[in-house]
Amino acid sequence: MSEGAPRVERDGRFSEGVVRITMVRAARRNALSREHLGQLLAAVTEAGESDAAGIVLAAEGPVFSAGHDFADVAGASLPEVRGLLALCTELMQTVQDVPQVVLARVHALATAAGCQLVASCDLAVAAGSAGFAAPGGKGGWFCHTPMVAIARNVGRKRAMELALTGDVIDAATALDWGLVNRVVPDDQLDAAVADLMGRATRGSRASKAWGKQTMYAQLDRPERDAYTTAIEVMAAASQLPGAVEGMSAFLEKRHPVWPD
């Protein structure tokens with residue numbers, strides 16, 4: 001295993017299997033170097049192909065993630081930087097493509113591509129001391145790719161404020177703006193992660209995986225197109241064993257026994 005590779009473990013605190021992927025490059029502020037992006041992509045892909053019900057993305061050290069490692073960018077050619085950003089984008093899209101619920105556990109500052117990683121997750125729980133920023137706006141390299149994910153969470157005006165000022169927003173503001181789902185005292189972070197993940201992974205796995213995929217497919221489409229997509233998928237999903245069991249259990253006034 002390479003030095004600084006993320007730690008991957010099965011989290012035993014959940015009745016359903018959950019894979020926990022933890023960034024451990026504390027000395028580098030969990031910067032997303034080319035090597036680390038590749039490691040994270042491999043870890044998320046492998047977890048996505050497993051029988052896990054969920055994935056938690058976490059980090060250790062004083063910063064959740066400081067974003068791109070400038071050591072990879074300074075002096076690099078245009079094709080090299082383009083390739084780095086394409087790799088980062090592949091990671092972000094894979095987080096949304098895997099069938100599992102992916103939840104970011106944000107214990108500290110998440111900036112630039114680190115904030116993008118949080119925004120790309122399905123769910124996010126933050127400690128009260130966490131912060132979020134797209135700092136390129138106050139520097140020389142604007143956060144173009146991070147803002148793709150961030151803007152889709154917070155809306156145009158707030159995205160512009162983050163992007164143009166580069167200022168850090170606190171966890172309470174991130175919650176108000178829609179960047180995270182929960183903010184809790186630092187010592188309650190793990191309990192809040194376990195609670196939300198537990199509730200988000202109950203029910204039929206196949207139904208939930210299809211639901212996640214369709215949500216991302218329809219969110220950025222015009223309403224009429226979104227309904228066309230949703231109608232077809234929801235009709236087809238009614239034939240899934242989980243849907244049949246869920247409706248039968250409701251009508252028969254019993255607890256469902258999920259087949260997947």
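Put simply, the side chain of E46 does not reach to within 4.5 Å of the side chain of I21, judged on heavy atoms. Using a 4.5 Å cut-off on side-chain heavy atoms (C-beta onward), Q96 and V102 make no contact. Put simply, the side chain of C88 does not reach to within 4.5 Å of the side chain of T145, judged on heavy atoms. Two residues are said to be in side-chain contact when any heavy atoms from C-beta on lie closer than 4.5 Å; L103 and N181 fail this criterion. With a 4.5 Å cut-off on side-chain heavy atoms, L57 and P6 do not count as touching. Under the 4.5 Å side-chain criterion, counting only non-hydrogen atoms from C-beta, M23 is in contact with L32. Within the 4.5 Å cutoff, no side-chain heavy atoms of M92 are placed close to those of T89. F132 has its side chain out of reach of W177: every pair of non-hydrogen atoms, C-beta onward, lies at least 4.5 Å apart.
Here CH2 of W210 is found 11.0 Å from OG of S204. Values are rounded to the nearest 0.5 Å. One distance of note links CZ of R34 with CD of Q39; it measures 13.0 Å at 0.5 Å rounding. Remark: H36 NE2 to L41 CG distance equals 12.0 Å, nearest 0.5 Å. We find the OG-CD1 distance between S120 and I150 to be 8.5 Å, quoted to the nearest 0.5 Å. The CZ atom of R20 lies 10.0 Å from the CE atom of M197; values are rounded to the nearest 0.5 Å.
Scanning both residues, A237 and A243, for their nearest heavy atoms gives O-CB, 3.3 Å. Across all non-hydrogen atoms, the minimal contact from V184 to A192 is CG1-CB, 3.7 Å. In this structure, A112 and P135 approach most closely via the heavy-atom pair N-CD, 3.6 Å. Listed here is the closest heavy atom pair of L189 and A126: CD1-C, 3.8 Å. Scanning both residues, L91 and V44, for their nearest heavy atoms gives CD1-CG2, 4.2 Å. The two atoms that bring M147 and A134 nearest to each other are SD-CB, 3.7 Å, heavy atoms only.
Proximity of a side-chain donor or acceptor of D176 to a complementary backbone N or O of A172 within less than 3.5 Å is not detected. For S238 (side chain) and A235 (main-chain N/O), a donor-acceptor pair under 3.5 Å exists by modelled atom type. In this structure a side-chain-to-backbone donor-acceptor pair under 3.5 Å is missing from T111 to A133. In this structure a side-chain-to-backbone donor-acceptor pair under 3.5 Å is missing from Q188 to P185. Judged by distance alone, with hydrogens and angles left aside, the side-chain atoms of E60 form no donor-acceptor pair with the main-chain N or O of V24 at under 3.5 Å.
Side chains of T173 and D170: a donor-acceptor N/O pair is present below 3.5 angstrom, by distance only. Between the side chains of D72 and S33, no donor-acceptor pair of N or O atoms lies under 3.5 Å.
Salt bridge status for K208 with D122: absent, with no side-chain N to carboxylate O gap under 4.0 Å. Looking at D190 and R105, a side-chain N of the basic residue comes within less than 4.0 Å of a carboxylate O on the acidic one, giving a salt bridge.
Cluster annotation: V98 is not connected to V101 through the hydrophobic network of ILVMFWY side chains, with a link wherever side-chain heavy atoms come within less than 4.5 Å. Grouping the Ile, Leu, Val, Met, Phe, Trp and Tyr side chains by contacts below 4.5 angstrom, directly or via other members, places I55 with L40. Linking ILVMFWY side-chain heavy atoms closer than 4.5 Å, directly or via other members, places V180 and L109 in two distinct hydrophobic clusters. Criterion: ILVMFWY side-chain heavy atoms under 4.5 Å apart, direct or through other members. Under it, V183 and L196 are not part of a common hydrophobic cluster.
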H107/V193 under side-chain contact (heavy atoms from CB on, under 4.5 Å): CA gap, chis, key distance, verdict = CA-CA 11 Å; H107 73 291; V193 167; over 6 Å; no
inquiry  = Let's go through L85 and H68 carefully: what are the C-alpha distance in whole Å and the side-chain angles of both, what is the deciding distance for side-chain contact (heavy atoms from CB on, under 4.5 Å) to 0.1 Å, and is it a yes or a no?
reply    = CA-CA 9 Å; L85 296 176; H68 288 295; 3.6 Å; yes
ask   = How far apart are the C-alpha atoms of S50 and Q100, what are their side-chain angles, what is the distance that settles it, and do they pass the side-chain contact (heavy atoms from CB on, under 4.5 Å) test?
value = CA-CA 9 Å; S50 75; Q100 289 87 353; 4.1 Å; yes
message = Checking E9 against T22 for the side-chain contact (heavy atoms from CB on, under 4.5 Å) test, could you report, in this order, the C-alpha distance in whole Å, the side-chain angles of both residues, the deciding distance, and whether it holds?
response = CA-CA 9 Å; E9 54 199 338; T22 305; 4.3 Å; yes
